[in-house]
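The figures here come from the full heavy-atom set of this structure, side chains too, leaving out hydrogens, waters and symmetry mates. Here is how names work: the chains are called A, B, and so on, in the same order as the sequence lines, proteins then strands, and each is numbered from 1.
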Protein chains: 2
Amino acid sequence: MDVVNIFLTSELGESLEDFVHDQRRFTFDRLGPEGPRRLVEGPMWAFVDWVMPELAGLEMCRRLRADTRTADAHVTMVLEEDDPEDRRRALRAGADDYVIGPLTRTAVLDRVLALQSRGVERQATRRFELGALTIDMAALQARWNEQPIVLRPNEFRLLRFLAENPNRVLTREDLINGLGKREPPIDERTVDVWIGRLRRAIKAAGGGNPLRTVRSLGYVFDLS
Amino acid sequence: MDVVNIFLTSELGESLEDFVHDQRRFTFDRLGPEGPRRLVEGPMWAFVDWVMPELAGLEMCRRLRADTRTADAHVTMVLEEDDPEDRRRALRAGADDYVIGPLTRTAVLDRVLALQSRGVERQATRRFELGALTIDMAALQARWNEQPIVLRPNEFRLLRFLAENPNRVLTREDLINGLGKREPPIDERTVDVWIGRLRRAIKAAGGGNPLRTVRSLGYVFDLS
DNA sequence: CAATCCAGTCACAAACGCGTCACACCCTTG
DNA sequence: CAAGGGTGTGACGCGTTTGTGACTGGATTG
């Protein structure tokens with residue numbers, strides 16, 4: 001059984017260490033602005049307080065996601081009261097779920113054990129942040145400045161592939177292959193339609209146009 | 001450390017009280033048809049005899065689960081002999097495990113201590129709150145804003161699994177595996193029917209639709 | 001300036017994916 | 001053993017998605 005690594009922004013860690021000391025199935029680490037103090041392997045859970053001494057919880061959340069060491073962590077946001085708006089903000093910042101505080105020892109363990117025992121394999125939760133654009137691979141959702149972009153499956157795949165290769169001209173052939181379309185062979189001109197649809201979707205979410213056309217070659221995802 | 005409350009349907013309690021009297025970590029209570037005599041806090045263990053003077057053990061078991069005061073209790077059924085059929089019946093009635101009788105003082109304490117140190121797991125998966133939705137593992141009941149949702153066993157498991165993995169797309173395969181259905185292999189399209197039935201049940205309880213379809217991929221439990 | 005080339009867009013038909021229903025087969029209960 | 005509820009499955013229908021051809025206008029080239 002893997003060791004479960006639990007990160008907390010509050011002082012609860014030491015108390016928990018006593019509580020489950022004999023089990024040797026958990027490690028606890030205080031989570032500061034610079035992230036976890038040690039590098040760890042195995043599943044990670046982070047409990048982030050809404051208000052923190054040095055850093056806002058939402059910002060902490062974003063940092064965890066941006067940090068490759070902790071991008072896979074399951075992040076639970078600890079809210080002080082049940083404000084729907086806060087909940088949404090937490091989730092948008094990258095939290096996986098939330099609890100209404102204050103955080104107790106049992107709440108932590110309940111949560112971790114419950115999710116761990118039944119949870120699906122936590123695939124690398126890649127989360128791209130490219131300027132105003134955010135792509136959440138777990139929820140399969142894209143946003144422009146927190147505003148959700150309504151995408152059809154193919155459009156999402158296209159955006160993802162483009163975002164994975166920013167600042168690089170991708171030919172129509174690249175894109176067709178990148179989306180894994182082999183059978184039946186796709187007409188290259190179809191890519192133009194894909195791009196058009198994707199642009200329209202981003203625009204509908206109030207976004208700009210990060211997709212630049214490179215005449216006679218292909219398209220670039222412009223990061224600037 | 002919390003006090004552990006032990007309920008017994010047999011007379012063993014007084015004997016135990018002497019046995020561990022000095023430790024002050026346990027309370028003992030005789031369990032009659034009307035449930036425990038006093039209200040308690042903290043972890044609860046109940047040992048229910050298969051045959052009881054006034055009430056069948058199975059019925060006792062069900063009552064414990066139905067009673068909100070004891071829904072969280074860890075229920076151990078005391079069987080007289082090792083009948084596989086009885087074991088299954090006990091578990092179905094809501095027991096967490098069983099011992100083959102007769103029950104002795106040491107058996108009780110061994111059991112409680114063993115389970116308690118092995119993990120808080122028993123308590124862990126007991127209760128869940130996600131926005132308007134409450135899932136009570138012990139009572140096997142879900143509610144939407146206090147309004148009970150009438151669920152069949154499979155629907156309950158589905159809801160539980162979805163709720164344990166919020167905000168992430170679960171493929172039909174994930175869901176089938178998550179419910180532990182390997183044999184016989186389940187048709188993926190069947191999941192659609194599960195979802196449909198679950199949605200209808202939630203709606204019938206006046207709930208919204210937290211289950212979002214992600215076309216060509218799967219479903220998400222939307223927490224927001 | 002004319003001839004090309006190329007990309008953006010539209011409309012449409014085919015394919016696809018999902019929700020739902022009815023039915024058959026359990027397994028349980030009395 | 002009969003009755004009833006829970007569950008998996010095939011089938012049907014509808015809405016959505018998607019690839020394509022055609023048209024248009026702007027850019028490029030000689």
C/dA7, OP1 or OP2 - any side-chain N/O from A/Ser216 closer than 4.0 Å? no
Got a sec, which residues hit side chain to side chain contact (heavy atoms under 4.5 Å, CB included) with B/Pro153, two or more places apart in sequence or on another chain? B/Arg157
Taking OP1 and OP2 of D/dG8, is either one under 4.0 Å from a side-chain nitrogen or oxygen of B/Trp194? yes
Just how far is it from atom CZ of A/Phe221 to atom CG of A/Asn167, taken to the nearest 0.5 Å? 9.0 Å
Which pairs of donor and acceptor atoms, one on a side chain in residues 138-146 of chain A, lie under 3.5 Å apart (sequence neighbours left out)?
residue: A/Gln141; atom: OE1; partner: A/Arg143; partner atom: NH2; Å: 3.0
residue: A/Arg143; atom: NH1; partner: A/Glu146; partner atom: O; Å: 3.2

Rounded interatomic separation in angstrom, taking CG from A/Leu211 and C1' from C/dA7: 14 Å
Under 4.0 angstrom between B/Arg172 side-chain N/O and C/dC18 OP1 or OP2: yes
Please report, rounded to the nearest Å, how far the C1' atom of C/dC21 is from the CG atom of B/Asp192. 14 Å
Regarding the side chain of A/Arg152, the nearest nucleotide among D/dT18, D/dT20, C/dA7 is D/dT18
Closest to side chain of B/Pro153, choosing from D/dT7, C/dC18, D/dG19: D/dT7
Could you state the atom-to-atom distance from CZ of A/Phe156 to C1' of D/dT16 in whole Å? 18 Å
Specify the separation, in whole Å, of atom CG of A/Leu179 and atom C1' of D/dG19. 13 Å
Any B/Tyr219 side-chain N or O less than 4.0 Å from OP1/OP2 of C/dG17: no
Kindly write out the residues that satisfy salt bridge (Lys or Arg N to Asp or Glu O under 4.0 Å) with B/Arg212, not counting sequence neighbours, or none if the list is empty. B/Asp222
Pairs flagged by salt bridge (Lys or Arg N to Asp or Glu O under 4.0 Å) wherever residues 190-200 of chain A is involved - sequence neighbours left out: A/Arg172-A/Asp192, A/Arg189-A/Asp192
Would you say A/Lys181 places a side-chain N or O within less than 4.0 Å of OP1 or OP2 belonging to D/dG19? yes
Rounded off to whole Å, could you give me the CD-to-C1' distance for the B/Glu188 and D/dG8 pair? 14 Å
Answer with base, sugar-phosphate or nothing: what part of the nucleic acid does B/Ile195 contact at a heavy-atom distance below 4.0 Å? nothing
For B/Thr171 and B/Asp174, test the side chains for any donor-to-acceptor distance below 3.5 angstrom and give the result as yes or no. yes
Taking only the side-chain heavy atoms of B/Thr190 (C-beta and beyond), determine which of D/dG8, C/dA7, D/dT20 contains the nearest atom. D/dG8
Return a single string for nucleotides 21-30 of chain D, one symbol per nucleotide in 5' to 3' order, where B is base contact, S is sugar-phosphate-only contact and - is none, cutoff 4.0 angstrom on heavy atoms. S----BBS--
Looking across every strand, which nucleic acid part, if any, lies under 4.0 Å from B/Val191 by heavy atom: base, sugar-phosphate, or nothing? nothing
With sequence neighbours excluded, residues passing salt bridge (Lys or Arg N to Asp or Glu O under 4.0 Å) with A/Arg152: A/Glu155
Rounded to whole angstroms, how far apart are CD1 on A/Ile186 and C1' on C/dA15? 12 Å
Any chance you could measure A/Leu159, atom CG, to A/Glu164, atom CD, to the nearest 0.5 Å? 10.0 Å
Under the 3.5 Å rule, do the base of C/dG8 and the side chain of A/Arg197 count as making a donor-acceptor pair? no
Check the distance between C/dG19's P and B/Ile202's CD1 and give it to me in whole angstrom. 14 Å
Starting from C1' on D/dT20, measure out to CD1 on A/Ile176 and report it in whole angstrom. 13 Å
